[in-house]
Amino acid sequence: MLIKSRKFSDLKDVFPRKFSSLTTLCPSSSPITKSPFPPSRDDVAAIADLIEKQHWSKLKLLHVKDINNPNELFHQLISSNLDPELCLRYYTWLIANIRNTSLSLELTFNLLHSLANAKKYSKIRSFLDGFVKKRSDHPIHSIFHAISLCDNLCVNSILADMLVLAYANNLRLESALEAFKRAGYYGYKLSALSCKPLMVALLNEKRFADVEFVYKEMIRRRIQPNVFTFNVVINSFCKKGKMEKAKDVMEDMKVYGTSPNVVSYNTLIDGYCKLGGVGKMYKADAVLKEMVESSKVSPNLTTFNILIDGFWKDGNYSGSMKVFREMLEQDVKPNVVTYNSLINGLCSGGKVSEATCMHDEMVSAGVEPNLVTYNSLINGFCKNGMMKEALDMFASLKGRGIVPTAKTYNMLIDAYCKSGKVEDGFGLKEEMEREGIVANVETYNCLIGGLCRNGNIEGAKKLFDQLSGKGLPDLVTYHILMDGYCSRGESRKAAMILKEGISKMGLKPRHLTYNILMEGYCKEGNLKGAANVRVQMEKERRLRMNVASYNVLLQGYSQKGKMEDANRLLNEMLEKGLIPNRITYEIVKAEMVDKGFVPDIQGHLFNVSTKS
DNA sequence: CTAGGGTTAG
């Protein structure tokens, strides 16, 4: 089918010269002469023949010597009922082999229209994929204009749909969204096939509002969503913590003739598990009940894994075990994720030996431990002062051919440093580098912290200076080093280092940064110094005093017996509406209440939470 | 389309 293109309406003006005879196409039989255009029907056929037989060298010669406007020739080829696949092959060859060839958007989409008419959809898909990868300089509106030059709405919709898909697959989200919008303006109907990858890509970038926009547009434009698209939208709302909206989508599904499946329910249950606050597991449980009883959807391995992880993270390990037993009863086989969650729960609860048992249990159940398993166990051992066990686990990980990561090493290095064995920490760092694993800023932070704790601030500073050369130190590095100086009574030095970091590294200090300094000055009894830090923090960085900052100053003033100042600070903090925490109360109680400076006002003033 | 882990400062 021929596609009308305005640009080529008057070909006579474009091709002033006459094309030569067929013989020019065959360099072996006669020498090539500069040939005029346009090509005759026979010439086009001859070129088509060359393309079909893949006589690329002859074509190349022709292009170099005779053809000075590939756009025009290409237009002729497309218009000559030549098989669109051959045109595509020629197009691809042309772009790759003839220097400075750029075929116009109009021609490009002319070709795609022919391909679409021939229903060569997979060819279009891969073409567009390459198109958005390489030729990224075309504005979307031009592309849509090129699409619109054909008046077959159905074909245009297919092209627009595949374009959106190509952008989404290549994570060019702005372009994908713009194409999605323009398709709407042009009245092209997209499909769930391209909307789903678009929403998935948006969700991966946490662009929840955009996911919602696409979803609403789909409904408005009457693009029929399927279970998968609905599930992505549900997931998006869940990840944003908007559980009510997620449930609304579950209802939408029913309106559109689909029902929630096990993935929909799992997503919703996981949403509740990851929600903060009390009673979330109760809600997760309620969804489970609804799923099983009302919707007759059976929980699967993922359902159980979500719940097991949810319960221990809610501080309810026995809840996890209950779910675990339940899944065994229902003959759902636990996998490595199941065991890793259980092991993690045990490790974080300090029950390291039980975690080891669970590891043995998983092995005897025929489930292979993976890096996650080992890292959890190693971390558990490290945090509980069981260095030997941690190293044993590390050895068996390597023995099984699992490649540790920098984080695996960092846990061990940190454990060494925290137990005063900084040298061993450095030894491990060398080992990791020998194995080709790059020591990262966290590695150095552990080591610098270890040196500071060992009183080797000079060594720490030296290592820090090496990092500065590489632009590696981050805010945490500064905190560690500053803390090191402060605890030696050298808060001024710490302040100097911070100042340098701000000006040379573009460091962005936070409350903690200044709190470290204020605490340092307070401990030196230099309340003026501490007050200056506060001024600096509020003026230069526009950070307002938070509860932690007040706690530092309260401690400093009250310990120096400056009770009036301490009292003033306390009132100031309360007037600002800041809610004192447990640490505040402990300071006030020990320094002010017990010494008779203020009455014990815990009852009505302090909202003392059990967490710090 | 849904599930798991790990490092530094606090």
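Every chain is numbered from 1, with letters handed out A, B, ... down the list of sequences.
Atom-to-atom, CH2 of A:W312 to P of B:dA3 comes out at 16 Å; the value is rounded to the nearest Å. Protein atom CG of A:N335 is 13 Å distant from nucleotide atom P of B:dG5, rounded to whole Å. One interatomic measurement links the two molecules: CZ of A:F464 to P of B:dA9, which rounds to 16 Å at whole-angstrom precision. For the pair A:Y478 OH and B:dG10 P, the computed distance is 18 Å after rounding to whole Å. Between the CG atom of A:L377 and the P atom of B:dT7 there is a distance of 13 Å, given to the nearest Å. Atom-to-atom, CZ of A:F394 to P of B:dG6 comes out at 17 Å; the value is rounded to the nearest Å. Between A:D414 atom CG and B:dG10 atom P the separation is 11 Å, expressed in whole Å. Between the CG atom of A:L346 and the C1' atom of B:dG4 there is a distance of 14 Å, rounded to whole Å.
A:L512 comes within 4.0 angstrom of a base, heavy atoms only. Within the 4.0 angstrom heavy-atom criterion, no nucleotide atom of any strand lies near A:V233. Within 4.0 Å (heavy atoms only), A:I234 reaches no atom of the nucleic acid at all. Among the protein residues, A:N370 comes within range of the nucleic acid bases, having at least one heavy atom under 4.0 Å from a base atom.
Checking the phosphate oxygens (OP1, OP2) of B:dT7, a side-chain nitrogen or oxygen of A:K383 falls inside 4.0 Å. Within the 4.0 Å cut-off from OP1 or OP2 of B:dC1, at least one side-chain nitrogen or oxygen of A:K196 is found. Taking side-chain N and O atoms only, A:N379 has a distance below 4.0 Å to OP1 or OP2 of B:dT7.
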- Kindly indicate, with the supporting measurements, whether the criterion ring pair (Phe, Tyr, Trp, His ring centres under 6.0 Å) is fulfilled by A:Y444 and A:F464. CA-CA 8 Å; A:Y444 288 105; A:F464 174 86; over 10 Å; no
- Message: Working note: A:L447 + A:D414, criterion side chain to side chain contact (heavy atoms under 4.5 Å, CB included); need CA distance, chi angles, decisive distance, verdict.
- Response: CA-CA 7 Å; A:L447 292 167; A:D414 188 54; over 6 Å; no
- Message: Show, in sequence, the C-alpha distance, side-chain angles and deciding distance for A:H511 and A:S549, and conclude whether the side chain to side chain contact (heavy atoms under 4.5 Å, CB included) test is met.
- Response: CA-CA 7 Å; A:H511 280 100; A:S549 328; 4.0 Å; yes
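Closest approach to the A:N266 side chain among B:dT2, B:dG5, B:dC1 is made by B:dT2 (side chain taken as heavy atoms from C-beta onward). Taking only side-chain atoms of A:M411, from C-beta outward, the nucleotide of B:dG6, B:dT2, B:dT8 with the closest atom is B:dG6. Closest to the side chain of A:H479, from the set B:dA9, B:dG6, B:dT2, is B:dA9. Comparing B:dG4, B:dA9, B:dT2 by their closest approach to the side chain of A:K274 singles out B:dG4. Of the candidates B:dA9, B:dC1, B:dA3, the closest approach to any side-chain atom of A:R453 belongs to B:dA9. The side chain of A:C446 has B:dT8 as its nearest neighbour among B:dA3, B:dG5, B:dT8. Comparing B:dC1, B:dA9, B:dG5 by their closest approach to the side chain of A:V200 singles out B:dC1. Of the candidates B:dC1, B:dA9, B:dG4, the closest approach to any side-chain atom of A:K313 belongs to B:dG4. Counting only heavy atoms from C-beta on, A:K239 has its side chain closest to B:dT2 among B:dA9, B:dT2, B:dG6. You'll find that the side chain of A:D483 is closest to B:dG10, out of B:dG10, B:dT7, B:dT8.
Salt bridge annotation for A:K322-A:E326: absent, with no cationic side-chain nitrogen under 4.0 angstrom from a carboxylate oxygen. In this structure, A:K589 does not pair ionically with A:E586, as no charged nitrogen and carboxylate oxygen lie closer than 4.0 Å.
Between A:L193 and A:L165 the shortest heavy-atom distance is O-CD1, 3.7 Å.
For B:dG4, its base sits under 3.5 Å from the side chain of A:N340 at one donor and acceptor pair at least.
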